[in-house]
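Reading through the structure tokens given below for one structure.
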Amino acid sequence: MRMYDLIYTKKLGGALSPEQIAFWVQGAADGSLPDEQSAALLMAICWRGMSTAETLALTLAMRDSGKRLDLSSIPGLKVDKHSTGGVGDKTTLILGPIVAACGVPCPMFSGRGLGHTGGTVDKFAAIPGLKVELSEAEFLRSLRETRFANSAQTADIAPADRKLYALRDITATVESIPLITASIMSKKLAGGADALVLDVKCGPSAFMKTLDEARTLAQSMVDVGRAHGMQIRALITRMDAPLGWAIGNALEVMEAVEILHGEHGDSELAQMSFRLAAEMLIMGGAANTLEQALGMVQASIQDGSALETLRRFVALNGGDALALDDFSRLPQPGQVVEVRADRDGYIAAIDGRALGILAMDLGAGRRDRNDVLDLSVGIWVHVQVGSRIEKNDILFTVYAKQGGLVPSKGYLEALQVVSGSQSVKNWLMETIGF
Ligand code: URA
């Protein structure tokens with residue numbers, strides 16, 4: 001088999017066989033094929049697409065490039081959640097402990113943030129001492145003892161994805177439905193969960209900008225998951241404004257803990273987290289109806305068992321569980337600056353992408369994979385779409401490094417302020433695979 005022929009076939013819009021796809025993925029992972037040829041094929045796939053059969057074969061080849069986690073020693077259906085990435089998305093910190101407290105084991109591998117979007121691993125890393133890269137034995141112990149495990153992806157899970165994702169990142173070939181599908185689903189299938197709820201983000205601050213694109217990606221991932229025997233469903237959720245008030249790692253831990261304490265229960269962040277958790281409970285067999293599942297979610301907040309599960313997970317994995325009750329134990333910023341309104345009006349839109357980039361510039365996110373984060377810094381957004389504001393109201397609190405430059409430009413520009421009152425759009429745009 002020659003890689004040249006695969007590139008040529010795809011360049012003309014032809015289909016690759018499962019054997020050809022396996023040959024490419026294996027060669028990319030073990031370094032026997034030059035990166036230039038993989039990059040050329042990736043670009044051809046971006047332009048020409050892949051059939052469902054090809055996407056399935058690519059997912060399978062990537063899954064089988066590494067190890068598959070065996071969770072069979074943990075009783076019950078194991079349920080995972082995956083979000084396609086946004087700004088201020090700390091739902092995993094909220095729903096993981098809730099689902100576990102309600103009796104369903106929740107094994108989760110998470111990513112680090114890149115660019116303007118945050119990553120769950122970085123948020124958990126803001127809890128002092130918490131180990132965010134668990135070995136297989138530690139991951140299983142956490143799942144067995146607390147029903148919740150969260151870790152950065154280990155190097156031996158879908159290594160072909162690591163290699164190909166790095167190439168996609170530098171060749172402008174990330175945005176491709178089959179490539180995203182295979183990248184996400186290969187890791188999820190290797191992770192060993194029986195069921196998966198997808199949160200496909202849609203809007204100007206997400207990868208998928210339009211409902212059509214989000215729908216196609218969601219359906220593609222649902223099809224691949226089902227073909228491999230996984231229970232899977234997807235919610236398409238709006239991603240224009242940041243999710244919740246906090247952007248930045250320690251700040252997002254605080255906001256998640258406040259929700260587990262029962263605060264901000266009617267916020268969009270809480271409602272979205274509760275709904276995703278409820279879907280996970282249904283898929284895990286703990287509830288039959290959405291109403292019943294949402295009731296269980298509420299009970300786990302009210303009786304404190306969800307927060308207690310998070311405390312136990314943190315303590316078991318070396319973290320300072322007291323920091324969840326005493327936020328002064330979390331990383332503290334060097335300086336705090338307020339940004340105030342320069343006029344009266346109503347908030348019509350909040351540019352989550354712009355705020356994500358401002359938070360990244362403060363040190364909360366990575367411009368480059370090797371950047372070192374400051375886990376204390378970030379932005380607290382005090383307004384939401386629909387908020388009435390008056391001149392001099394505090395709109396943002398900016399948490400920055402000591403002596404670091406606090407950019408003054410960009411904050412007010414991230415808000416669209418109008419004179420008339422504004423209605424709020426529903427966060428849930430569509431469901432797929434129900
Ligand atoms: N997240 C992934 O893991 N892979 C992609 O291709 C895009 C988002």
Side-chain angles (χ1 to χ4, degrees), residues 21 24-25 28-29 38-39 41-47 49-50 54-56 58-63 65-66 69 80-87 89 91-92 107-123 150-193 196-203 205-210 213-225 228 230 232 234-237 239 353 356 365-366 369:
I21 290 172
W24 166 44
V25 169
S38 284
L41 183 55
L42 287 167
M43 187 56 88
I45 292 171
C46 275
W47 279 99
M50 277 185 142
E54 288 176 289
T55 309
L56 274 172
L58 180 59
T59 309
L60 211 62
M62 284 168 59
R63 180 197 69 179
S65 68
L69 207 63
D80 191 2
K81 186 256 349 176
H82 180 83
S83 154
T84 55
V87 180
D89 182 356
T91 53
T92 295
M108 302 182 101
F109 285 103
S110 299
R112 297 183 190 275
L114 187 66
H116 74 282
T117 65
T120 300
V121 170
D122 299 328
K123 299 174 212 254
N150 191 285
S151 172
Q153 198 85 44
T154 56
D156 47 8
I157 297 248
D161 176 62
R162 193 177 304 265
K163 173 75 196 173
L164 291 178
Y165 195 89
L167 269 181
R168 288 165 63 204
D169 208 22
I170 55 167
T171 55
T173 52
V174 170
E175 277 98 345
S176 149
I177 302 263
L179 294 178
I180 296 176
T181 299
S183 167
I184 293 175
M185 293 307 297
S186 61
K187 290 178 287 200
K188 291 293 157 189
L189 291 167
L196 176 66
V197 178
L198 295 167
D199 176 10
V200 178
K201 301 276 181 213
C202 175
S205 307
F207 273 133
M208 298 293 119
K209 310 283 184 228
T210 67
E213 287 172 324
R215 201 181 274 142
T216 310
L217 177 62
Q219 191 64 58
S220 168
M221 290 195 285
V222 166
D223 290 345
V224 166
H228 292 303
M230 194 177 222
I232 182 165
L235 304 185
I236 298 178
T237 66
M239 176 41 67
R353 190 169 190 282
R366 293 180 190 79
R369 248 171 228 286

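All ligand and atom numbering here is 1-based and tracks the order in the structure. Keep in mind it's a predicted model, so treat the numbers as computed, not measured.
Using a 4.5 Å cut-off on side-chain heavy atoms (C-beta onward), H228 and L56 make contact.
At distances below 3.5 Å, not a single donor-acceptor pair connects side-chain atoms of T173 with backbone N or O atoms of M43.
By heavy-atom distance, the residue among A158, S83, S186, S183 lying nearest atom 4 (N) of ligand 1 is S183.
Here is the list of ligand 1 atoms found below 4.0 Å of a heavy atom in I184: 1 (N), 2 (C), 3 (O), 4 (N).
The shortest N/O to N/O separation between R168 and ligand 1 falls below 3.5 Å.
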**Request:** Determine, stepwise, if the pair L179 / L58 fulfils side-chain contact (heavy atoms from CB on, under 4.5 Å).
**Result:** CA-CA 8 Å; L179 294 178; L58 180 59; 4.0 Å; yes

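Protein heavy atom closest to atom 8 (C) of ligand 1, with residue, atom name and distance, is F207 CE1, 3.7 Å. For atom 3 (O) of ligand 1, the closest non-hydrogen atom of the protein is K187 NZ, 2.6 Å.
The one candidate from S183, S65, S186 that meets the side chain to side chain donor-acceptor pair (under 3.5 Å) condition with D161 is S183.
Here the closest heavy-atom approach between residue K188 and residue F109 is recorded as NZ-O, 3.6 Å.
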